[in-house]
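For reference, positions follow the sequence shown, starting with 1.
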Amino acid sequence: MHLDSLEEIQQSPHFEVFSAGVGERLRPAIGDDLGEYRPEWENVSMAGGLVSHQLRFSEFFIAWQTTGPLLRVHGEIDVFPLLDVVEQGDVPMGYPTTEFQRRFYSQSRCIAGSRGTGSGHLTHLRVQPDAGPVEIWFDDQHAATGPSPSHPYPVTYTKLDLTYGEYMDALLATKGARGWEFLFAEMELGKPGFHDIVTNLRNMLEVFPRLFPGCDYTPFQERLAARL
């Protein structure tokens, strides 16, 4: 599934690939008891596809854009193996301004980045024992123009309405098209700060159904329409 998604891009004449790589060394598979890896994962829910959708490649990334005469779409996949995610420490990331934010940062574990493009956006799991399926949070400067900048969370963080498994499925379906995460956030994309992202998403939803007819992009189209 993961390799197929990358190969669809690399083997297509409609894409220019800037960088790509799949690690030859597989990381060990994660079992159901995450507490055996790090104590803070004790009693963290495995619901939501953590095991079934886990990535094991030591590296898995691609940065791309479509080529003419297609509408321009660009994106990136840069996902970390689940074992590496679990083994990340609880050293707070970012610059907390409150005790709540300090704890929030300490609960965050990065699952995807943007090393190929340097755009700086990251995706995190939030590790909370006995709290149901792990939450997925997207960190991007555009989130500062979201609907509730006064919420207690870091202003660039946006919670996604996705489980880990759903996140991985959507990432592979969209090929990491820039801004796809906002389709699953409580975000008003009609604001001026999102113009470039909306253009990229519109172009993706125009081009991809033709390039990848085996994938149903209707749910993505409906989500975009609901946020404009």
Side-chain angles (χ1 to χ4, degrees), residues 1-24 26 48-82 111-119 121-123 136 138 140 142 158 160-185 187 189 194-228:
M1 178 175 64
H2 300 100
L3 287 177
D4 290 345
S5 187
L6 260 64
E7 289 175 355
E8 284 182 318
I9 299 174
Q10 291 176 304
Q11 295 178 4
S12 172
H14 302 297
F15 290 89
E16 177 184 1
V17 175
F18 303 115
S19 63
V22 176
E24 296 181 0
L26 291 179
L50 273 176
V51 171
S52 61
H53 285 73
Q54 67 178 289
L55 185 76
R56 294 181 56 200
F57 297 107
S58 56
E59 286 190 313
F60 189 81
F61 65 92
I62 188 167
W64 55 268
Q65 71 175 15
T66 52
T67 58
L70 293 177
L71 295 171
R72 184 177 183 272
V73 187
H74 63 98
E76 178 176 15
I77 296 174
D78 180 15
V79 189
F80 308 140
L82 186 59
I111 62 173
S114 52
R115 292 172 292 182
T117 61
S119 60
H121 58 267
L122 303 168
T123 307
I136 308 294
F138 184 57
D140 189 288
H142 284 277
T158 303
L160 303 186
D161 183 24
L162 291 168
T163 64
Y164 179 81
E166 291 168 343
Y167 171 86
M168 292 297 291
D169 287 342
L171 174 67
L172 297 180
T174 61
K175 315 300 183 190
R178 179 72 174 100
W180 76 267
E181 295 91 347
F182 291 120
L183 298 176
F184 295 86
M187 193 71 64
L189 296 180
F194 287 98
H195 177 267
D196 290 344
I197 282 178
V198 169
T199 297
N200 198 58
L201 292 174
R202 280 175 166 161
N203 289 351
M204 183 264 288
L205 293 171
E206 171 68 25
V207 170
F208 277 22
R210 300 197 305 271
L211 295 183
F212 310 110
C215 183
D216 181 12
Y217 288 94
T218 303
F220 299 98
Q221 294 166 339
E222 292 174 345
R223 283 183 171 273
L224 178 59
R227 282 156 180 77
L228 294 176

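Atoms OG and CD1, from S114 and I77 in turn, are 13.5 Å apart once rounded to the nearest 0.5 Å. To the nearest 0.5 Å, atoms CG (L228) and CG (L201) are separated by 9.0 Å. The distance from atom OG1 of T66 to atom CE of M204, rounded to the nearest 0.5 Å, is 11.5 Å. Rounded to the nearest 0.5 Å, atoms OG (S58) and CD (E24) are 8.5 Å apart. A distance of 12.0 Å separates CE in M168 from CG in L162, rounded to the nearest 0.5 Å.
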- request: Report the C-alpha distance between F80 and F60 in whole Å, list the side-chain angles of each, state the deciding distance to 0.1 Å, and finish with yes or no for side-chain contact (heavy atoms from CB on, under 4.5 Å).
  value: CA-CA 7 Å; F80 308 140; F60 189 81; over 6 Å; no
query: Going through the distances and angles, do H53 and D169 end up as a side-chain contact (heavy atoms from CB on, under 4.5 Å)?
result: CA-CA 8 Å; H53 285 73; D169 287 342; 3.2 Å; yes
- prompt: Are L205 and L224 close enough, and set up right, to give a side-chain contact (heavy atoms from CB on, under 4.5 Å), and what steps lead you there?
  reply: CA-CA 9 Å; L205 293 171; L224 178 59; 3.8 Å; yes
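For E16, there are no salt bridge (Lys or Arg N to Asp or Glu O under 4.0 Å) partners, not counting sequence neighbours. With sequence neighbours excluded, the residues satisfying side-chain contact (heavy atoms from CB on, under 4.5 Å) with N203 are L71, V73, T199.
In this structure, the side chains of L3 and F57 come closer than 4.5 Å at one or more pairs of heavy atoms. E76 is not listed as a side-chain neighbour of I62, based on a closest heavy-atom distance of 4.5 Å or more. Between Q54 and L50 the shortest side-chain heavy-atom distance does not fall below 4.5 Å. With contacts defined as side-chain heavy-atom distances shorter than 4.5 Å, the pair L6/F61 does not qualify. A 4.5 Å side-chain heavy-atom check between I111 and Y164 finds at least one atom pair inside the cut-off. By the 4.5 Å heavy-atom criterion applied to side chains, R115 and S19 are not counted as neighbours. By the 4.5 Å heavy-atom criterion applied to side chains, F184 and E166 are not counted as neighbours. By the 4.5 Å heavy-atom criterion applied to side chains, F182 and L189 are counted as neighbours.
Between H121 and F138, the ring planes are tilted. Angles from 30° to 60° get that label. Between W180 and Y167, the two ring planes are tilted [angle within 30° to 60°]. Taking the six-membered ring where tryptophan is involved, the planes of W64 and F208 are tilted, since the angle between them lies from 30° to 60°.
The existence of a salt bridge linking E8 and K175 is confirmed by a sub-4.0 Å separation between a basic side-chain nitrogen and an acidic carboxylate oxygen.
Shortest non-hydrogen contact noted between V17 and I9 is CG2-CG2, 4.0 Å. Scanning both residues, H14 and L70, for their nearest heavy atoms gives CB-CD1, 3.5 Å. A20 and Q10 make their closest contact through CB-NE2, 3.5 Å (heavy atoms, listed as atom of the first residue, atom of the second, distance). Nearest heavy-atom pair across A173 and F220 is CB-CZ, 4.0 Å.
Distance alone, capped at 3.5 Å, places no donor-acceptor pair between the D140 side chain and the L122 backbone. One N or O on the side chain of N200 and one on the backbone of R178 form a donor-acceptor pair closer than 3.5 Å. Checking side-chain atoms of R223 against main-chain N and O of A185 turns up no donor-acceptor pair under 3.5 Å. R227 contributes a side-chain N or O that, together with a main-chain N or O of L183, makes up a donor-acceptor pair within less than 3.5 Å. S5 contributes a side-chain N or O that, together with a main-chain N or O of L172, makes up a donor-acceptor pair within less than 3.5 Å.
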